[in-house]
Visitor: 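My questions all concern the structure below.
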Amino acid sequence: MRSTTISDTQLDRLEALLDDPAFDEAMRLDEVQGYLCAALAGPIPIPEADWLVEVLGSEAGVATEAGQEAAVFLRTLAEDIRIQLADEEPMILYLYPKSDEDGAPSDYEPWCLAYLHGVDTATEDWFDGLTDEEEVEWLDERLFPLMVLTGEAESAAREHGEPWLEGKELEELNQQAEEDLARAVSEIFLFWNAKRGVGTVRNEGGKVGRNDPCPCGSGKKFKQCCASER
């Protein structure tokens, strides 16, 4: 079982704090994780002071006693997210059920909407600095599961007069998007780390591991990119 830096007890306390009346518009725990996955990625990660305000809803909320306690847990959670995103094993997503009924399916939409909010409020636009069309296409492909699960892909298709899937085909697309989500956000995180020259797990001696993101910034693993050309 994967070890984490934040315990279930800490997560339970954070979840309770996020529901504190001191915060008018604090995110839920699923939204916090989705948002931080994007906030910690990108050309320039969103500064902690800024993402704390986004998560807790206001600077006044951050300054409260509950806000200061929540901030401690949020920093631990952010570090845990960094570790999980850089791991080869897909991260564990915090998801709430769609309803209170027994056996209700997980609701991916709030998680994905929070992630896309992190993209939209990034310190630097995710696409402005990408001049390589292959990189743009690669990033679009990794974001596609989120666009599907939030309904934005369907809205865009219909806006352009393009047909959209229905019935069984749509169900299969949504299921595939759910299965791809955790891996997609990890790959995006590693892609931006490579673009910024931030290392992940390296072999001794500073060499690039075959499963590390390729230093060229393609977003692929080293063994699937430049190493295969040697």
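Keep in mind that the numbers below use all heavy atoms, side chains included, and drop hydrogens, waters and symmetry copies.
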Visitor: In the hydrophobic clustering (ILVMFWY, side-chain contacts below 4.5 Å, transitive), which residues join V148, or is it alone?
Guide: F144, W164, L165, L170, L173
Visitor: Honestly curious: do L95 and L113 fall in one hydrophobic cluster under the side-chain, below-4.5 Å linking rule?
Guide: no
Visitor: Look at the side chain of D180 and the backbone N and O of P145, then say whether any donor-acceptor pair between them is shorter than 3.5 Å.
Guide: no
Visitor: Are E109 and K98 close enough, and set up right, to give a salt bridge (Lys or Arg N to Asp or Glu O under 4.0 Å), and what steps lead you there?
Guide: CA-CA 9 Å; E109 186 175 7; K98 288 186 175 181; over 6 Å; no
Visitor: Taking it one step at a time, do E178 and N174 satisfy side-chain hydrogen bond (donor to acceptor under 3.5 Å, both in side chains)?
Guide: CA-CA 6 Å; E178 291 174 0; N174 285 328; over 6 Å; no
Visitor: When hydrophobic residues are tied together by side-chain contacts of less than 4.5 Å, even through go-betweens, does W138 share a cluster with V136?
Guide: yes
Visitor: May I ask you to say whether R75 pairs ionically with E79, meaning some side-chain N is under 4.0 Å from a carboxylate O?
Guide: no
Visitor: Would you indicate whether E134, at its atom CD, is surrounded by more than 12 heavy atoms from other residues, nucleotides or ligands within a distance under 6.0 Å?
Guide: no
Visitor: Look at the side-chain heavy atoms of Ile, Leu, Val, Met, Phe, Trp and Tyr, link any pair under 4.5 Å apart, and say whether F127 and W192 land in one connected group.
Guide: yes
Visitor: I'd like to know if R28 pairs up with E15 as an ion pair, taking the criterion as any Lys NZ or Arg NE/NH1/NH2 lying under 4.0 Å from an Asp or Glu carboxylate oxygen.
Guide: no
Visitor: Under 3.5 Å, side chain of D125 to main-chain N/O of D128, donor-acceptor pair present?
Guide: yes
Visitor: Heavy-atom count check: over 12 atoms from other residues, nucleotides or ligands less than 6.0 Å from E59 CD?
Guide: no
Visitor: Before accepting this row, confirm whether a basic side-chain N of the pair R13/E69 lies closer than 4.0 Å to the acidic partner's carboxylate O.
Guide: yes
Visitor: Can you tell me if R196 uses its side chain to pair, donor with acceptor, with the backbone of G42 under 3.5 Å?
Guide: yes
Visitor: Hydrophobic cluster membership, with links at side-chain heavy-atom distances under 4.5 Å among I/L/V/M/F/W/Y: are L93 and V119 in one?
Guide: yes
Visitor: Check the pair E31, W111 against side-chain hydrogen bond (donor to acceptor under 3.5 Å, both in side chains), reporting the backbone distance first and the verdict last.
Guide: CA-CA 5 Å; E31 295 170 326; W111 197 103; over 6 Å; no
